[in-house]
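Positions are given from 1 along the sequence.
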Amino acid sequence: MRTFKFNRKEDVSGISGIGFVAEGVQFSSGKVAISFFPVEPTYVASVIIFNSMDEVEKIHGHDDKTDIWWDDEHIEKKLKKKKTTEGDK
């Protein structure tokens, strides 16, 4: 199971906003659940289930205007950076 966030660079729909707009999880089965944060003007928070990450990217990627930030990859990068920094002391 992996967790991620949507980092939207441009709001194509005019609904979800920019920046971190949703969080999600990809289960070991490959299925994906996404929870969108409530934002103006609707303040509606929705949860959607998809069969695969490919489906998610086709529907919500908006031609690469949304980045998927995998939490485990960002944690690993932070740990490597911290280890390198501590090694300099």
Please tabulate, for side-chain N and O atoms in residues 25-37, each donor-acceptor pair with protein atoms closer than 3.5 Å (sequence neighbours left out).
residue: Ser29; atom: OG; partner: Lys31; partner atom: N; Å: 3.3
residue: Lys31; atom: NZ; partner: Asn51; partner atom: OD1; Å: 2.6

When rounded to the nearest 0.5 Å, the distance separating CD of Glu73 from CD1 of Ile68 is 10.5 Å
Salt bridge (Lys or Arg N to Asp or Glu O under 4.0 Å) filter on Lys9, not counting sequence neighbours, yields Asp67
| query | Should Met53 and Ile48 be regarded as members of a common hydrophobic cluster, given that ILVMFWY residues are connected when their side-chain heavy atoms come within less than 4.5 Å of each other, either directly or indirectly? | reply | yes
| Is there a path from Ile59 to Val21 through hydrophobic residues (I, L, V, M, F, W, Y) whose side chains come within less than 4.5 Å of each other? | yes
- Out of curiosity, does Ile49 fall in the hydrophobic cluster containing Val56 (side-chain heavy atoms, cut-off under 4.5 Å, transitive links)? no
Any side-chain heavy-atom pair of Thr3 and Glu23 under 4.5 Å: no
Is any side-chain heavy atom of Asp71 closer than 4.5 Å to one of Phe4?
no
So CZ of Arg8 and CD1 of Ile18: to nearest 0.5 Å the spacing works out to 11.0 Å
Applying side-chain hydrogen bond (donor to acceptor under 3.5 Å, both in side chains) to Ser46 and not counting sequence neighbours gives none
